[in-house]
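Take a look at the structure below.
Excluded from the calculations below are hydrogen atoms, water molecules and symmetry mates; all remaining heavy atoms, backbone and side chain alike, are included.
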Amino acid sequence: MDVVSLLLLLDIAETGSITAGAERSAITVSAASQRVSRLERQAGQPLLVRLPRGVKLTEAGELLVARAAAVRRELREADAELAALRSLETGTVRLGSFPTASASLLSDALVTLRRERPGITVQVRSALRTELLSMLRSGELDLALMWSYEWTDAADWVVPVRRLMTDNTVLLVPDSWHRSRFRLAELADQHWIVRGDDHPSVEALLRSCQRAGFTPEIAYRAHDYQEVAAMVAAGIGIAMTPSLAVERVAHDLRTLPLPAADQVPARSIELLAPSRRELAPAAALLAEHLARAADARHQR
């Protein structure tokens with residue numbers, strides 16, 4: 001039984017005739033009669049008793065009309081909910097992210113989004129890049145904040161919704177270092193703190209040092225950037241990190257820029273979505289807020 005025919009039967013019951021019901025359903029009387037006949041064949045019994053003036057429901061007709069009324073209520077509620085989504089009164093976005101972006105760029109964006117659109121829910125999954133790509137592909141995520149370096153493999157089934165910012169690479173050194181700028185070649189005799197588990201920031205360090213003419217002496221492999229900072233503060237060595245990762249360094253540490261002449265790689269922060277999938281209104285709004293947060297950081 002199709003919904004259109006059920007709603008037509010409801011209109012006929014409420015108006016008292018096939019003619020009036022057809023007019024309310026915006027179809028011809030002939031088409032309405034054919035639909036009722038088809039519905040009666042599907043039901044295996046009459047649904048209407050044709051009277052000289054109008055129609056009367058049979059017991060089977062009353063049963064179906066009651067169901068049709070429930071269907072109409074559900075459809076009207078669905079219309080109202082869709083309207084709320086379009087107007088951004090409600091909505092849920094499933095977002096993938098990674099820790100350094102979540103603690104900086106994303107947190108800034110969520111503050112303004114929740115203030116302006118409190119009915120929108122953002123569900124965040126923090127994971128490694130490969131896991132985020134997998135969840136995008138499977139449909140578990142609507143969007144994902146991603147980093148990439150110039151050598152990072154691209155997935156051809158995702159598209160950048162927004163390129164948000166360039167996350168420059170900086171030196172993390174003890175506060176006791178008084179100079180504010182170094183060429184990388186001057187640091188050839190230093191020990192280095194790096195992220196473990198083949199973290200992409202290690203590749204950035206190795207490429208940069210190779211270009212500067214030396215191989216870095218790695219003294220410690222840390223689990224996260226908090227541990228990296230702790231080891232630098234302890235005097236174990238220095239580090240090269242993305243700037244977002246060490247925004248809020250302790251008072252006994254400093255971040256120093258690296259000169260452009262050293263050609264140290266920076267990572268790009270992008271918002272990605274599966275290709276051939278249109279963004280829902282709430283997801284598009286979140287993308288706009290992330291872009292605003294990135295612009296605000298650039299202006300600081």
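Taking 4.0 Å as the cut-off between side-chain N and carboxylate O, E77 and R73 do not count as a salt-bridged pair. Salt-bridge formation is detected for the pair D2/R35: a Lys NZ or Arg NE/NH1/NH2 atom is positioned less than 4.0 Å from an Asp or Glu carboxylate oxygen. In this structure, D224 does not pair ionically with R195, as no charged nitrogen and carboxylate oxygen lie closer than 4.0 Å. In summary, E150 and R267 do not engage in a salt bridge, as defined by a charged side-chain N under 4.0 Å from a carboxylate O. For R292 and E116, the salt-bridge test passes: some basic side-chain N is under 4.0 Å from an acidic carboxylate O.
Applying the side-chain hydrogen bond (donor to acceptor under 3.5 Å, both in side chains) criterion to R50, with sequence neighbours excluded, gives E40. Residues that satisfy the side-chain hydrogen bond (donor to acceptor under 3.5 Å, both in side chains) test with E14, not counting sequence neighbours, are R24, R72. Partners of S268 by side chain to side chain contact (heavy atoms under 4.5 Å, CB included), not counting sequence neighbours, listed by chain and number: S148, R163, E270. Residues satisfying the side-chain hydrogen bond (donor to acceptor under 3.5 Å, both in side chains) test with S37, not counting sequence neighbours, are none. Every residue meeting the side chain to side chain contact (heavy atoms under 4.5 Å, CB included) condition with I236, not counting sequence neighbours, appears here in chain and number order: I193, A219, Y220, M231, A234. The side chain to side chain contact (heavy atoms under 4.5 Å, CB included) test applied to A188 returns F214, not counting sequence neighbours. A search for side chain to side chain contact (heavy atoms under 4.5 Å, CB included) contacts involving S208 returns L184, M240, V264, P265, not counting sequence neighbours. Taking H289 as the reference, nothing meets the ring pair (Phe, Tyr, Trp, His ring centres under 6.0 Å) condition, with sequence neighbours excluded. In this structure, T92 has no side-chain hydrogen bond (donor to acceptor under 3.5 Å, both in side chains) partners at least two apart in sequence or on a different chain.
Under a 3.5 Å cut-off, the side chain of T152 and the backbone N or O of Y149 do form a donor-acceptor pair. For S17 (side chain) and G54 (main-chain N/O), no donor-acceptor pair under 3.5 Å exists by modelled atom type. For E74 (side chain) and V71 (main-chain N/O), no donor-acceptor pair under 3.5 Å exists by modelled atom type. Between the side chain of S25 and the backbone N or O of A22, no donor-acceptor pair lies under 3.5 Å. At distances below 3.5 Å, at least one donor-acceptor pair connects side-chain atoms of D142 with backbone N or O atoms of R94. Looking only at distances, a side-chain donor or acceptor of D167 sits under 3.5 Å from a matching main-chain atom of L244.
L85 shares a hydrophobic cluster with L82; the chain of contacts runs through ILVMFWY side chains whose heavy atoms sit under 4.5 Å apart. Grouped with V49 in one hydrophobic cluster are L51, the linkage being side-chain heavy-atom contacts under 4.5 Å among Ile, Leu, Val, Met, Phe, Trp and Tyr residues.
Partner of S102 under the side-chain hydrogen bond (donor to acceptor under 3.5 Å, both in side chains) criterion, chosen from S97, S126, S107: S97. Here the rule is side chain to side chain contact (heavy atoms under 4.5 Å, CB included) with L105, and of T100, L271, I269 only I269 fits it.
Cation-pi geometry between R207 and W151 is satisfied (NZ or CZ under 6.0 Å from the ring centre, within 45° of the ring normal).
Within the structure, every pair that satisfies the ring pair (Phe, Tyr, Trp, His ring centres under 6.0 Å) test and touches residues 173-197, not counting sequence neighbours, is listed here: W177-F182.
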